Amino acid sequence: MHPMSIAAFGSYLPPEVITPDPLAAENDPMATSPLFRLPDERHRIAPSQRAAQMVEAAARPMFERLGLDPAGSVDLIITNTLLPDECITGCGAETAHLLGCDPALVLDLHNGGCGAFPYMLKIARAMIAAGEANNILLANVQNTAGQLFAQPELSRKQSAAIAGDGCGVAYVTADDRSPVLGVHVRNTPSFAPDMSPATGDGRKYWAAGSGELEIVFDSNKSKEIIDRGNRLVPEVVGELCKEIDLDLGAVDYLVTNQPNRLFLRNWRRALGLGADQHLDTFDRCGNLYGAAVPVTLDLAIREGRIADGSLVVMAGFAHAGDFAAAAAVRWNN
């Protein structure tokens, strides 16, 4: 097995901060519930802001902290953007241009969803083992709060009230200073049709029309999809631990996607972890989808909350449960 490390994390949160509407909260019976209360704040991108600009804003300070010039320090870029700016390509090539680097390879992934970060680690490890790359930039972009969820009709929905924008990045290197101990992914293709784009008038999402684009779940499977969400993250973490012969009791920190407080509580309870071991940024950032893992880790590391030698497990499930992934890293600052 070729060694692979996460050398550093970086993050970017847009300057516009959104807080809950106190008048709306008075009429919301869930507003006082610890499990259903809205995040204290979340960030929202400007309508003109592009995913590649978010990646640059997260990555450039990270490279500066490492004392590296991205121009000669990246031979592969892997990105996952929740809402790509272009209908054909992702943001990888534009990111490379903004950073002034010239990677031999650019991979834009669109199917990792909230489990994208461990998924990118798996691909990075395979590319290092194949001799195709040694220095890799991973980028997770969540950019729907200020765009998709800013549409007039969609903005009234609960999903819009918890979505926040942000970008998390990581610099992955072919060494063992902060080694990635293992990555596990699970695909269940039969669940994929349970989530789909909808426009209200039956047209294709790219076709002209007046209905707002949104992402919907099969209403006949609501309970089943929620049950999957509660089950998947603990299961893939357990499968990862079994694969790499890791005792769950040795895990210092768990970092996951953060759709809501209920899932966060249920996941750590199922894994027998304390609240202080399950790091999240839900109250600071809301639902960051796939970007939650690298953003949360970057903030926690820079705030000194993760000590050298800590065993950190990262996990998430995507869409209606057709994809889930987990990874473990022995972190050294």
Side-chain angles (χ1 to χ4, degrees), residues 2 4-15 43 45-113 115-144 146-147 165-175 178 180 183 288-295 297-298 327:
H2 291 260
M4 181 179 80
S5 288
I6 302 176
F9 288 92
S11 62
Y12 166 76
L13 298 172
H43 298 255
I45 64 168
S48 61
Q49 194 166 15
R50 295 176 64 84
Q53 294 171 326
M54 298 173 72
V55 178
E56 182 195 19
R60 196 172 291 283
M62 176 189 70
F63 283 115
E64 290 174 356
R65 291 194 297 271
L66 290 170
L68 297 175
D69 181 352
S73 304
V74 178
D75 44 36
L76 168 61
I77 292 178
I78 307 177
T79 75
N80 174 266
T81 303
L82 196 59
L83 186 65
D85 293 310
E86 308 296 340
C87 63
I88 303 298
T89 66
C91 70
E94 186 180 350
T95 293
H97 173 67
L98 292 177
L99 288 172
C101 56
D102 186 22
L105 296 166
V106 173
L107 300 177
D108 292 309
L109 309 176
H110 298 308
N111 67 321
F117 189 74
Y119 178 36
M120 290 192 290
L121 285 174
K122 185 175 181 67
I123 294 172
R125 185 172 66 174
M127 298 300 284
I128 287 174
E132 295 288 345
N134 288 303
N135 302 291
I136 304 170
L137 175 64
L138 309 182
N140 260 149
V141 180
Q142 148 52 12
N143 58 346
T144 61
Q147 299 186 107
D165 290 328
C167 173
V169 300
Y171 187 55
V172 174
T173 52
D175 55 55
S178 286
V180 175
V183 184
L288 285 173
Y289 296 82
V293 170
V295 167
L297 278 168
D298 176 56

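In this text, all values refer to a predicted model and were calculated from it rather than measured experimentally.
Closest approach of Tyr12 to Gln49, counting heavy atoms only: OH-NE2, 2.8 Å. Residues Gly290 and Asn140 come closest through the heavy atom pair O-OD1, 3.0 Å. Nearest heavy-atom pair, Ile77 versus Gly92, reported as atom, atom and distance to 0.1 Å: CD1-O, 4.0 Å. Between Arg60 and Leu98 the shortest heavy-atom distance is NH2-O, 2.8 Å. Contact between Thr89 and His110 at its shortest, heavy atoms only, is C-NE2, 4.5 Å. Across Leu109 and Ile78, no two heavy atoms sit closer than the pair CD1-CG2, 3.7 Å.
Few gaps surround CG on Asp175; more than 12 heavy atoms of other groups in view lie less than 6.0 Å from it.
Once rounded to the nearest 0.5 Å, the distance linking CG of Leu107 with CG of Asn80 reads 12.0 Å. Distance CG/Leu121 to CD1/Ile6: 5.0 Å, rounded to 0.5 Å. One distance of note links OG of Ser11 with CG of Leu288; it measures 9.5 Å at 0.5 Å rounding. Distance CG/Asn143 to CG/Leu82: 6.5 Å, rounded to 0.5 Å. Atoms SG and CG, from Cys91 and Leu83 in turn, are 11.5 Å apart once rounded to the nearest 0.5 Å. If you take CZ on Arg50 and CD on Glu86, they are separated by 4.5 Å, rounding to the nearest 0.5 Å.
For the ring-ring contact (aromatic ring centres under 6.0 Å, His included) test, residues two or more places apart in sequence or in another chain that qualify with Tyr171 are Phe63.
Put simply, the side chain of Leu76 does not reach to within 4.5 Å of the side chain of Pro103, judged on heavy atoms. Contact annotation: the side chain of Val141 approaches that of Val55 to within less than 4.5 Å [non-hydrogen atoms, C-beta and beyond]. Side-chain atoms of Leu13 and Val295, non-hydrogen and from C-beta on, do get closer than 4.5 Å to each other. Annotation: side chain of Ile128 is in contact with side chain of Val172 (closest heavy-atom distance under 4.5 Å).
Residue pairs that meet the ring-ring contact (aromatic ring centres under 6.0 Å, His included) test with at least one member in residues 121-141, sequence neighbours left out, do not exist here. The ring-ring contact (aromatic ring centres under 6.0 Å, His included) pairs that include a residue from residues 72-103 number zero, where partners must be two or more places apart or lie in different chains.
Judged purely by atom type and a 3.5 angstrom limit, Asp75 has no side-chain atom pairing as donor or acceptor with the backbone of Ala133.
The side-chain contact (heavy atoms from CB on, under 4.5 Å) test with Leu99 singles out one residue from Leu137, Asp69, Val74, and that residue is Leu137.
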